[in-house]
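Single-structure report; data block below.
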Amino acid sequence: MPLQQLWPEELAERYRARGHWAGETFRAMLRRRIAESGERMAVVGGAERWTYAELGRRIDLAAAGFVALGLQPGDRVVVQLPNVPEFLSVTFGLMRANLVPVFALPAHRETEIAHFARKAEAAALVVAERHDGFDYPPMAALVQAEVPTLRHVVVIAPGAAPFGEGVRAALPEEDVSPSSVALVQISGGSTGLSKLIPRTHDDYLYSIRASNPICGLDADSRYLVALPAAHNFPMSSPGHFGAIVAGARVVMAPAPTPDVAFPLIAAQGVTITGLVPPLALLWLQAAKRGGHDLSSLQVLQVGGAKFMAEAAKRVRPELGCTLQQVFGMAEGLVNYTRLDDPEDIVTGTQGRAISPDDEVLVLDDAGAPVADGEAGHLLTRGPYTIRAYHDDPAANARAFTPDGFYRTGDVVRRFPGGYLEVQGRATDHINRAGEKVSAEEVEDHLLAHPQVFDAAVVSLPDRFLGERSCAFIIPDGTAPEQAALKAWMRGRGIAAFKVPDQIVFVDDFATTAVGKVSRKELRAALRARMLAGEGTA
Ligand code: AMP
Ligand code: DBH
């Protein structure tokens with residue numbers, strides 16, 4: 001199944017005519033960047049410090065290695081790497097060889113990686129040797145045994161070029177079309193399994209180029225990659241890709257916690273970074289204790305989940321930098337508060353869209369526009385929002401309107417100037433500290449357990465995570481032990497963040513009064529019962 005992302009011709013023409021789609025590929029952008037910024041520092045991480053020239057050399061080495069494996073232009077390669085400089089040489093090396101990276105998070109495990117690889121018909125998988133106490137090669141071997149297209153596993157050891165220094169191969173001369181797919185992002189999965197999000201060179205680079213000035217990112221900036229580098233937010237809003245586009249410095253943080261990030265900020269003079277709300281709270285708490293020099297930090301971006309106004313108000317006084325709220329999605333649309341916005345906008349909204357050509361609709365249940373200030377469903381289309389997921393007609397029928405608007409599933413209020421406040425969502429997923437967990441996907445796993453008769457997974461408010469997951473389970477006979485059930489879930493080869501935070505055993509779902517209900521109504525009823533204090537933890 002070929003990877004593609006197509007806009008109707010008249011819209012494509014408009015996006016080109018307005019200069020949004022610049023007709024440049026990643027490979028062309030990098031060639032220019034490396035020629036112009038050769039002696040400047042490009043990326044720092046672990047023991048590595050690479051100038052742009054050195055990054056360029058490593059990109060070519062990685063590209064040659066992939067070509068030498070026999071990979072063909074257009075082949076897909078799943079990349080699962082932590083925040084290391086090699087993240088950039090591998091990703092851009094793949095692009096240099098006209099291959100397409102598919103980004104997985106370090107937290108994903110064999111079930112998820114196999115799903116991405118199968119869905120993308122990937123020819124290779126790139127993993128780290130070890131990260132966060134986990135050995136990736138054995139997992140990669142399991143995935144390879146399961147996915148017939150996966151011919152190669154490439155293991156990255158810190159500092160070493162992935163294929164050694166001596167590898168030689170002729171790199172493709174022809175560049176790809178800027179309207180072709182440059183990379184594949186993964187959706188958080190609002191229903192069922194994660195979907196693949198193909199992004200083109202034109203659209204992704206536009207979102208990055210347009211983000212840079214909005215976020216104050218220029219050649220003198222130093223961007224700290226605190227969140228997982230593969231995530232769309234730290235990759236493109238404007239993220240480490242934005243830093244590369246600007247000729248700035250990327251600083252890779254092996255972990256986002258203050259003990260690791262604060263010393264890096266001081267040592268590297270970090271000027272900008274992005275966090276999810278729970279991490280921002282941790283940083284606020286740690287900064288209060290003092291003993292760190294965060295004076296270089298100019299902009300703290302917070303996004304991925306709703307940052308409450310009370311916490312938002314603390315950023316400037318306690319961290320001494322400007323807060324920027326970021327409300328984005330791997331499917332496209334990204335909203336930012338602007339750096340010079342008044343305090344109430346910065347703390348009370350999740351920003352406004354990047355582009356004058358982002359079309360943003362806020363609609364009631366019947367599909368009619370609501371008045372400004374009223375809550376409604378957010379739909380969008382524009383020059384960097386996808387028109388379809390890869391190879392998933394059923395999901396596409398649900399997620400896109402016939403005229404190509406993406407149904408974000410978010411419920412928002414719009415204010416004058418186009419500022420949005422995220423109020424909630426219409427789809428059943430748990431936004432667990434920015435990680436989106438599909439209720440349906442977790443239920444499917446639970447239902448595979450022999451002592452589980454039925455399961456419904458809901459989100460509950462959580463002081464630290466924002467939301468946590470709670471599984472209501474009707475046991476089949478004797479209920480399993482909670483700890484045993486959680487351990488069994490982990491054994492399913494899924495990311496730890498998908499294991500329910502809380503499990504509540506119930507005799508039935510007590511929905512008889514309502515009659516036959518949808519899973520959605522069932523989840524809502526159970527959630528309401530729990531919040532009303534009727535549940536037993
Ligand atoms: P995904 O589609 O997996 O990339 O996740 C994007 C979703 O994350 C959005 O549709 C929102 O539901 C949520 N999200 C991202 N940023 C914010 C934010 N600043 N405030 C509230 N929700 C957010
Ligand atoms: O949550 C997200 O997916 C997200 C948040 C902020 C995102 O994709 C982005 C910015 O680009």
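Just so it is clear, the structure is predicted and the values come from calculations on it, not from any experiment. Order of appearance sets the numbers: ligands from 1, and atoms from 1 within every ligand.
In this structure, H240 has its ring center no closer than 6.0 Å to that of Y223. Taking the six-membered ring for Trp and the full ring otherwise, F103 and F116 have centroids separated by 6.0 Å or more. Aromatic ring centres of F92 and F241: separated by under 6.0 Å.
Here's the thing with K436: one of its N/O atoms is less than 3.5 angstrom from an N/O atom of ligand 1. Considering backbone and side-chain atoms alike, K436 places an N or O below 3.5 Å from some N or O of ligand 2.
Salt-bridge annotation for K498 and E441: present, with a side-chain N of the basic residue lying under 4.0 Å from a carboxylate O of the acidic one. Checked for salt-bridge contact, R519 and D428 miss the test: no charged N lies under 4.0 Å from a carboxylate O.
Annotation: atom 2 (C) of ligand 2 to nearest protein heavy atom, G328 O, 3.4 Å. Scanning the protein for heavy atoms near atom 3 (O) of ligand 2, the closest one is H231 CE1, 3.5 Å. The shortest contact between atom 11 (O) of ligand 2 and any protein heavy atom is with S237 OG, 2.7 Å.
Nearest heavy-atom pair, S187 versus E331, reported as atom, atom and distance to 0.1 Å: CB-OE2, 3.5 Å.
Heavy atoms of E331 approach ligand 1 to within less than 4.0 angstrom. Within the structure, ligand 1 has D410 among the residues with a heavy atom less than 4.0 angstrom away. Under a 4.0 Å heavy-atom criterion, Q350 is in contact with ligand 1.
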